[in-house]
*Asks:* 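Right, I'll just put the structure down here and ask away after.
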Amino acid sequence: MSEITFPIEFIGGSRDGEIREATAAPDYLEVRVEGGFKEIYERQNSEPPFVYVQIGYAQNETWK
């Protein structure tokens, strides 16, 4: 049985304009970028296609 996928779109940050297929849409996503940093994206809507906007950066510490 295959998993259901849906599109997610990134706005801002290093992934700006990128659209990917995903199987989950959490409220927040961490995306690792060069230099050990993580970009933090927040989901903006509750129906596909999900839109994630970059809201900041974090290093190794917990940001939530």
*Asks:* Which value, rounded to the nearest 0.5 Å, describes the distance between Tyr41 atom OH and Arg15 atom CZ?
*Replies:* 6.5 Å
*Asks:* Find out if a path of hydrophobic residues (ILVMFWY) with successive side-chain heavy-atom gaps under 4.5 Å connects Ile8 to Val53.
*Replies:* no
*Asks:* Any side-chain heavy atom of Glu39 within less than 4.5 Å of one from Phe10?
*Replies:* no
*Asks:* Just verifying a value: how many Å separate Tyr52 OH and Gln44 CD, rounded to the nearest 0.5 Å?
*Replies:* 10.0 Å
*Asks:* Check side chain to side chain donor-acceptor pair (under 3.5 Å) between Glu34 and all other residues, then give those that pass, not counting sequence neighbours.
*Replies:* none
*Asks:* What residues form a side chain to side chain donor-acceptor pair (under 3.5 Å) with Glu18, not counting sequence neighbours?
*Replies:* Arg20
*Asks:* Between CD1 of Ile55 and CD1 of Ile11, what distance do you get to the nearest 0.5 Å?
*Replies:* 13.5 Å
*Asks:* Using the side chain to side chain contact (heavy atoms under 4.5 Å, CB included) criterion, which residues pair with Glu47? Sequence neighbours excluded.
*Replies:* none
*Asks:* Within the structure provided, determine whether Val33 and Lys38 are in side-chain contact (heavy-atom separation under 4.5 Å).
*Replies:* no
*Asks:* Sequence neighbours left out, what passes side chain to side chain donor-acceptor pair (under 3.5 Å) with Asp27? Give chain and number order.
*Replies:* Arg43
*Asks:* If two hydrophobic side chains count as joined below 4.5 Å and joins carry through other members, does Val31 share a cluster with Val51?
*Replies:* no
*Asks:* Does either side chain, that of Tyr28 or that of Glu42, offer a donor lying less than 3.5 Å from an acceptor on the other one?
*Replies:* yes
*Asks:* Suppose clustering is done on Ile, Leu, Val, Met, Phe, Trp and Tyr with side-chain heavy atoms closer than 4.5 Å. Which residues sit in the same group as Ile4?
*Replies:* none
*Asks:* Apply side chain to side chain contact (heavy atoms under 4.5 Å, CB included) to Pro7 and list each qualifying residue two or more places apart in sequence or on a separate chain.
*Replies:* Ile19, Glu21, Pro49
